[in-house]
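Scope of the values below: all heavy atoms of this structure, side chains included, with no hydrogens, waters or symmetry mates.
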There are 2 protein chains.
Amino acid sequence: MTTDTPEESLDPANWADMHKTASRMIDDAVAHVEGVRERPVWQQMPQSVREGFLTPAPMKSTPLDAVYDEVLSTVFPYAMGNIHPRFWGWYMGSSNFTGALADFLAAIEGSNLGGGDTAAAQVDRQVVNWLKELMDFPASASGTLTSGGSMANMVCLTVARNKMAGVDVREEGITALPKPLRFYTSDQVHSASQKALEALGLGRRALRVIPSDANFRMSIPALEQAIQEDRAAGCEPACVIATAGTTNTGAIDDMQAIAALCKRQGIWFHVDGCIGALIKIAPVNRTMVEGIEDADSLALDPHKWLHTPFEAGCALVKDAQLHFDTFELHGEYLEEKPRGIASGGFLADYCFELSRGFKALKIWMSLKEHGVEKFGCLIDQNIAQAAYLTDLIHTDPHLELMAPTSINIVCFRYRNAEAPDEDLKALNTEIMLRLQESGLAVPSDTTVGGRHCLRVAINNHRTKRQDLDLLVREVVKLGQELEAAAP
Amino acid sequence: MTTDTPEESLDPANWADMHKTASRMIDDAVAHVEGVRERPVWQQMPQSVREGFLTPAPMKSTPLDAVYDEVLSTVFPYAMGNIHPRFWGWYMGSSNFTGALADFLAAIEGSNLGGGDTAAAQVDRQVVNWLKELMDFPASASGTLTSGGSMANMVCLTVARNKMAGVDVREEGITALPKPLRFYTSDQVHSASQKALEALGLGRRALRVIPSDANFRMSIPALEQAIQEDRAAGCEPACVIATAGTTNTGAIDDMQAIAALCKRQGIWFHVDGCIGALIKIAPVNRTMVEGIEDADSLALDPHKWLHTPFEAGCALVKDAQLHFDTFELHGEYLEEKPRGIASGGFLADYCFELSRGFKALKIWMSLKEHGVEKFGCLIDQNIAQAAYLTDLIHTDPHLELMAPTSINIVCFRYRNAEAPDEDLKALNTEIMLRLQESGLAVPSDTTVGGRHCLRVAINNHRTKRQDLDLLVREVVKLGQELEAAAP
């Protein structure tokens with residue numbers, strides 16, 4: 001490059017054009033979310049759209065307006081549908097407009113949240129402090145925002161592993177452990193805990209699965225017995241992973257009992273609260289998660305009941321020093337300074353990532369805008385809606401409830417007392433697929449106590465009771481049609 | 001909840017108000033980025049602003065406009081500054097307006113990218129396919145978008161660990177390994193690799209650090225010798241981590257030699273290409289990263305030289321089946337179906353996360369808008385600017401270059417032939433802090449070959465040569481002033 005080579009950038013030649021395109025996006029986005037109820041929840045892509053995503057890397061430029069037209073015509077119509085009032089599949093939040101604007105502002109602001117003396121880092125710290133406060137964790141606890149529940153659990157379980165190892169596991173690795181560590185969880189555990197233990201080098205065999213009771217809560221006597229057996233066998237009982245809101249049915253383990261047991265036994269008490277921890281801010285139902293504040297570590301998920309757009313999870317750790325000791329690591333290019341940008345501590349000392357985005361802003365803005373109380377009421381609302389749906393199922397002779405409804409998850413199926421379970425699985429699967437394909441509603445399915453069922457997880461601030469009325473009507477109608485059509 | 005309890009949501013009471021606020025944000029954002037050059041790169045927060053971030057969780061609501069006013073007055077002015085043309089600290093991209101709009105659109109669209117038959121998932125797959133194509137990886141390779149380089153490296157190293165373990169490490173854990181695994185990297189390695197090996201339960205002692213040569217590239221003879229020694233000592237040489245662009249100086253390991261060595265020895269060849277991999281699309285400099293296509297796994301970072309807003313990293317794995325076998329795990333609530341939303345495969349089978357955001361959209365839109373060729377030219381431009389700065393340093397008697405400039409990173413210091421190194425460290429640190437505090441420019445610092453230096457990493461599409469002229473003038477001026485003021 002000679003000193004007169006013209007220099008280019010990614011900035012637009014004309015900012016007024018960019019402004020115009022951005023304004024178009026705002027117009028469309030408002031109409032899109034405002035009108036969401038009138039559209040199908042989900043629809044399948046035509047083959048022609050699918051093939052459009054197979055083209056090679058674009059070497060040449062395309063005007064931004066044309067790129068955006070493509071987004072409008074090929075991307076937006078074929079979304080998952082979780083922003084729709086009748087989406088209850090798996091377990092997701094339904095996003096919110098302010099959160100989306102916050103993601104835009106965060107990207108404009110641009111900061112790297114790995115560290116640095118910036119207001120963004122202060123917002124990140126404040127959001128973690130708020131979540132500690134809402135969970136009744138002490139001010140001395142630490143935390144980190146993560147991509148979601150999987151990483152939040154993995155952060156916590158890494159701290160637990162390193163604390164309970166009995167050796168410097170960062171230096172020596174797992175092979176240096178004096179005794180094999182054991183982690184305990186119920187048979188209702190989310191796969192994220194298993195995935196974390198596999199990643200951490202402990203292996204699935206470090207995870208001892210405890211049977212759950214009729215309400216799908218971890219059996220405390222079985223847990224105690226397993227711990228005794230493991231000690232007798234020369235293993236080190238390291239950590240109980242309680243679940244506050246299981247994925248299958250929303251069951252909440254008895255955290256007070258588990259906390260007491262862990263305390264007596266010197267075992268790390270971790271709570272996977274990705275689904276249910278935030279019930280702690282719900283005025284009607286908050287006692288359901290009593291004991292969560294006694295956890296040594298807690299994973300929760302703002303992108304579920306705080307409805308921030310993906311991604312936003314959070315790991316809280318009671319002992320900040322242990323948390324720091326697990327993750328702190330600085331290259332020579334990253335020395336803390338007394339002044340300037342690299343002063344005031346590094347957020348990366350509490351997580352796996354060194355570069356981090358400003359996901360705190362969407363939580364910060366949404367909590368300020370709506371207030372914690374509003375989110376608490378919306379959580380109560382979803383739990384009440386699940387009770388309402390449960391009542392509808394109880395009173396409809398064509399349907400049967402397949403698990404007790406604990407919180408906002410309802411497991412049920414179209415019934416037929418004469419059909420074997422495998423036929424009912426096929427029938428209910430077909431009902432589910434037709435509901436999805438029609439765009440009317442999106443439940444998912446699962447297997448509970450060995451039996452297949454439809455599963456409705458109402459983590460949705462847009463759902464109304466009338467949507468659940470419609471669901472029940474449609475399930476019954478589809479079930480009857482399918483039975484009538486059967487040979 | 002009785003059947004007549006009114007139901008609430010997070011949607012605004014009046015969408016026209018939301019539209020107005022959103023439009024205000026667009027106006028401000030355009031002005032903010034358009035005018036970035038006229039503002040200080042960074043400035044320290046006043047104490048009053050800092051204290052504002054210590055307030056407890058907001059229980060009540062606040063109008064969104066007031067929340068946004070707070071963002072404008074307390075958050076935006078105190079950003080890190082990496083979107084500014086004279087930010088060259090550590091190593092970051094400088095974002096771009098289209099990427100920020102894409103983050104907004106992604107949040108509005110709302111899909112969970114853990115899986116699902118959605119256009120968003122197809123965009124995610126297409127972006128990974130494009131990155132494979134640009135890296136000359138075969139179509140049969142796999143990949144996953146991550147939060148950044150740390151997780152991209154960790155994904156790759158997990159696959160390497162599981163492949164090289166010689167046992168079912170997912171089931172059995174590290175203690176079952178027949179031989180201790182050894183990973184090799186140069187003394188210039190980024191801390192992320194060490195952090196990953198610690199997390200994976202292998203421990204720091206599994207990482208054997210190979211000395212680098214005068215150009216800060218891994219010494220191949222030393223690597224060969226280390227591998228021999230380890231085999232003789234009963235260890236299993238598992239993986240060489242080559243670096244394409246070291247953090248300190250931008251040095252690029254000899255990937256062709258390392259690839260050949262790994263092939264001969266049956267060792268996994270991983271490349272940390274977070275800094276330099278994308279040089280492969282730069283027409284002038286692309287031969288610098290020859291051999292990268294031979295890697296078994298490769299970490300790269302779209303939020304660096306593709307300037308997507310945080311976060312966006314990418315892990316590529318040559319053998320898709322190994323990648324899948326490392327991460328695939330489904331709860332009973334997540335069964336793949338032949339039709340409907342849960343058909344067509346799960347993206348979560350290739351990473352740690354089950355819930356994932358739509359970070360692909362910002363890469364997709366930016367690449368379409370500007371074209372790969374433009375990004376390639378901008379990479380060449382940054383490398384040429386680093387050469388230009390290197391020339392300025394060579395011709396200024398007050399400055400000395402502290403390491404060969406390989407790509408876009410320049411290490412230098414204000415010199416004084418009579419001063420000991422530790423005084424020069426103090427002097428240059430003060431120069432750096434004053435540059436940051438004045439808001440004129442942001443370099444960072446490091447230690448190279450045992451000697452402290454200023455470090456300018458030009459990963460910035462807005463930088464112009466005139467900015468580097470200014471930097472050199474200011475460094476010399478500050479150095480002279482500080483020397484004159486010294487007792």
Side-chain angles (χ1 to χ4, degrees), chain A residues 1 9-10 15 19 22 26 29-30 34 53 57-61 64 67 75 78-80 83 95-96 100 103-104 107-108 110-111 118-119 122 126 130 148 150 170-174 191 198 201-203 309-311 329 331-333 340 353 355 357 368-369 371-372 384 433 436 446-447 461, chain B residues 1 9-10 15 19 22 26 29-30 34 53 57-61 64 67 75 78-80 83 95-96 100 103-104 107-108 110-111 118-119 122 126 130 148 150 170 172-174 191 198 201-204 309-311 329 331-333 340 353 355 357 368-369 371-372 384 433 436 446-447 461:
Chain A
M1 186 195 264
S9 87
L10 295 175
W15 279 102
H19 186 277
I26 294 292
V30 167
E34 187 176 9
F53 297 117
M59 303 311 289
K60 304 290 181 191
S61 67
L64 179 57
V67 175
V75 179
Y78 310 105
M80 178 159 277
I83 71 168
S95 195
N96 77 90
D103 268 353
F104 169 70
I108 290 293
S111 293
T118 64
Q122 296 305 105
Q126 184 167 35
W130 288 350
S150 298
R170 291 186 67 175
E171 175 60 35
E172 302 292 334
I174 299 292
S191 60
E198 290 175 11
L202 295 160
F310 293 112
E311 305 166 338
L329 182 65
E332 62 271 25
Y333 41 82
E353 287 95 350
S355 289
K368 287 207 175 215
E369 181 193 11
V372 172
L433 294 178
Q436 293 180 3
T446 191
T447 299
H461 61 86
Chain B
M1 185 195 262
S9 87
L10 295 175
W15 278 101
H19 187 277
I26 294 293
V30 167
E34 186 175 11
F53 297 116
M59 302 311 289
K60 303 289 180 191
S61 66
L64 179 57
V67 175
V75 179
Y78 310 105
M80 178 160 277
I83 71 167
S95 195
N96 77 89
D103 268 352
F104 168 70
I108 291 293
S111 293
T118 65
Q122 295 305 105
Q126 184 167 36
W130 289 350
S150 298
R170 291 186 68 175
E172 303 291 334
I174 299 291
S191 60
E198 290 175 11
L202 295 161
R204 270 195 295 272
F310 293 112
E311 304 165 339
L329 182 65
E332 62 271 24
Y333 41 82
E353 287 96 350
S355 288
K368 289 211 174 212
E369 180 192 11
V372 172
L433 294 178
Q436 292 180 4
T446 191
T447 298
H461 61 86

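- Considering only heavy-atom pairs separated by less than 4.5 Å from chain B, the leading option among Gly331(A), Gly340(A), Gly148(A) is Gly340(A).
- Looking only at distances, no side-chain donor or acceptor of Glu353(B) sits under 3.5 Å from a matching main-chain atom of Ser150(A).
- Most heavy-atom pairs under 4.5 Å with chain A: of the set Leu64(B), Thr447(B), Asp103(B), this distinction falls to Leu64(B).
- Contact of Leu10(B) with chain A is made through backbone and side chain together, with heavy-atom distances under 4.5 Å.
- Taking all atoms of both residues into account, the shortest heavy-atom contact from Val30(A) to Trp15(B) is CG1-CE3, 3.8 Å.
- Of all the listed residues (Ser9(B), Ser355(B), Gly110(B)), the one sharing the greatest number of non-hydrogen pairs under 4.5 Å with chain A is Ser9(B).
- Interface check for chain B: of the options Val67(A), Val372(A), Val75(A), the most heavy-atom pairs under 4.5 Å are formed by Val372(A).
- Looking at Gln436(B), the atoms closer than 4.5 Å to chain A (heavy atoms on both sides) all sit in the side chain, from C-beta outward.
- The residue among Ser191(A), Ala57(A), Ala22(A) with the most heavy atom pairs within less than 4.5 Å of chain B is Ala57(A).
- Looking at Phe310(A) and Ser111(B), their side chains never come closer than 4.5 Å, going by heavy atoms from C-beta outward.
- The heavy-atom pair separating Phe104(B) from Ala100(A) by the smallest distance is CD1-O, 3.4 Å.
- Contact tally against chain B (heavy-atom pairs below 4.5 Å) for Ser61(A), Pro309(A), Ala29(A): the top residue is Ser61(A).
- For Asn96(B), the part sitting under 4.5 Å from any heavy atom of chain A is the side chain, from C-beta outward, and nothing else.
- A donor-acceptor pair under 3.5 Å links the side-chain atoms of Glu311(B) to the main chain of Gly357(A), judged by distance alone.
- Shortest non-hydrogen contact noted between Phe53(A) and Gln122(B) is CD1-CB, 3.4 Å.
- Distance check: Ile108(A) CD1 to Ile26(B) CD1 gives 7.5 Å after rounding to the nearest 0.5 Å.
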